[in-house]
Enquirer: 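What follows is a single structure, and I will ask about it in a moment.
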Amino acid sequence: MLHAAPTDPRYAIQRLGPGDAERLLAADPQLFDFAVSPQWTTEFLGDSRHHIVVATFDGRVIGSVTGVHYVHPDQAPTLFVVELAVAAEHQQQGVAKTMLHALLAHGRALGCTNAWVGTESDNHAARHVYETAGGTLDSDSFVTYSFDLT
């Protein structure tokens with residue numbers, strides 16, 4: 001266990017690894033946009049550049065934050081925070097911020113010198129978490145493009 005979330009000792013925060021696929025497969029379905037795939041879960045957890053910190057409540061995964069660290073020929077390792085989610089009934093408990101801090105600490109331990117995350121401009125809940133966790137809003141405009149690879 002890395003940290004305990006504030007206010008209730010039934011919460012725990014921990015980083016998962018290759019042997020933890022069953023825990024994600026049994027996670028609260030609110031955390032993911034689609035059904036959790038056993039194949040992709042195993043692949044994700046087995047990849048040393050993929051990271052997931054989860055929050056549990058009485059042992060069940062009720063929150064997660066995922067990230068990937070990468071290197072580039074002209075930059076030190078960077079941590080990209082991919083997605084952060086907490087089941088609705090567990091929001092506003094400090095869970096999201098605690099998970100995020102744990103993921104950032106792990107990135108620091110990996111030698112990452114920077115971390116970044118993107119979110120929609122109208123996602124006020126996410127922006128609140130990132131700002132109160134110490135993130136600073138970049139002044140540069142950011143535009144995203146998607147490519148359908150199917």
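Counting from 1, the numbers follow the sequence of the chain as shown.
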Enquirer: Does His128, at its NE2 atom, have more than 12 non-hydrogen atoms belonging to other residues, nucleotides or ligands within less than 6.0 Å?
Expert: no
Enquirer: So does Leu137 get a backbone contact from the side chain of Glu131, meaning a donor-acceptor N/O pair under 3.5 Å?
Expert: no
Enquirer: What distance do Asp138 atom CG and Trp116 atom CH2 have between them, rounded to the nearest 0.5 Å?
Expert: 9.5 Å
Enquirer: Do Leu24 and Val95 sit in the same hydrophobic cluster, where Ile, Leu, Val, Met, Phe, Trp and Tyr count as joined when their side-chain heavy atoms come under 4.5 Å apart?
Expert: no
Enquirer: What pairs with Pro77 under side chain to side chain contact (heavy atoms under 4.5 Å, CB included), at least two apart in sequence or on another chain?
Expert: Val71, Cys112
Enquirer: For the OG1 atom of Thr56 and the CD atom of Gln14, what is their distance to the nearest 0.5 Å?
Expert: 5.5 Å
Enquirer: Mind checking side chain to side chain donor-acceptor pair (under 3.5 Å) for Arg49 and listing every partner two or more places apart, or none if nothing turns up?
Expert: His69
Enquirer: Look at the side-chain heavy atoms of Ile, Leu, Val, Met, Phe, Trp and Tyr, link any pair under 4.5 Å apart, and say whether Leu103 and Phe44 land in one connected group.
Expert: no
Enquirer: Using a 4.5 Å cut-off on heavy atoms from C-beta on, say whether the side chain of Asp8 contacts that of Gln93.
Expert: no
Enquirer: Assigning hydrophobic clusters by single linkage (Ile, Leu, Val, Met, Phe, Trp, Tyr; side-chain heavy-atom cutoff under 4.5 Å), is Ile13 placed with Leu16?
Expert: no
Enquirer: If we check side chain to side chain contact (heavy atoms under 4.5 Å, CB included) with Val61, which of these qualifies: Val54, Asp28, Ile52, Asp20?
Expert: Val54
Enquirer: Pick out which of Thr113, Val68, Leu104 makes a side chain to side chain contact (heavy atoms under 4.5 Å, CB included) with Leu79.
Expert: Leu104
Enquirer: What pair of heavy atoms forms the shortest contact from Leu31 to Ala87, and how long is it?
Expert: CD2-N, 3.5 Å
Enquirer: Hey, any chance Phe57 and Leu84 share a hydrophobic cluster, counting ILVMFWY side chains that come within less than 4.5 Å of each other, even indirectly?
Expert: yes
Enquirer: If I compare all heavy atoms of Pro29 with all of Arg60, which pair ends up nearest, and what's the gap?
Expert: CD-NH2, 3.6 Å
Enquirer: Within a strict 4.5 Å, meaning less than it, do heavy atoms of the Thr119 and Arg127 side chains meet?
Expert: yes
Enquirer: Shortest non-hydrogen contact from Ala21 to Thr42?
Expert: CB-OG1, 4.2 Å
Enquirer: Is there a side-chain contact (heavy atoms from CB on, under 4.5 Å) between Gln30 and His90 once you walk through the steps?
Expert: CA-CA 11 Å; Gln30 295 179 61; His90 297 280; over 6 Å; no
Enquirer: Do you reckon Tyr11 sits in the same ILVMFWY cluster as Leu100, going by side-chain contacts under 4.5 Å, direct or chained?
Expert: yes
Enquirer: Taking everything shown except Gln75 itself, do over 12 heavy atoms lie less than 6.0 Å from its CD?
Expert: yes
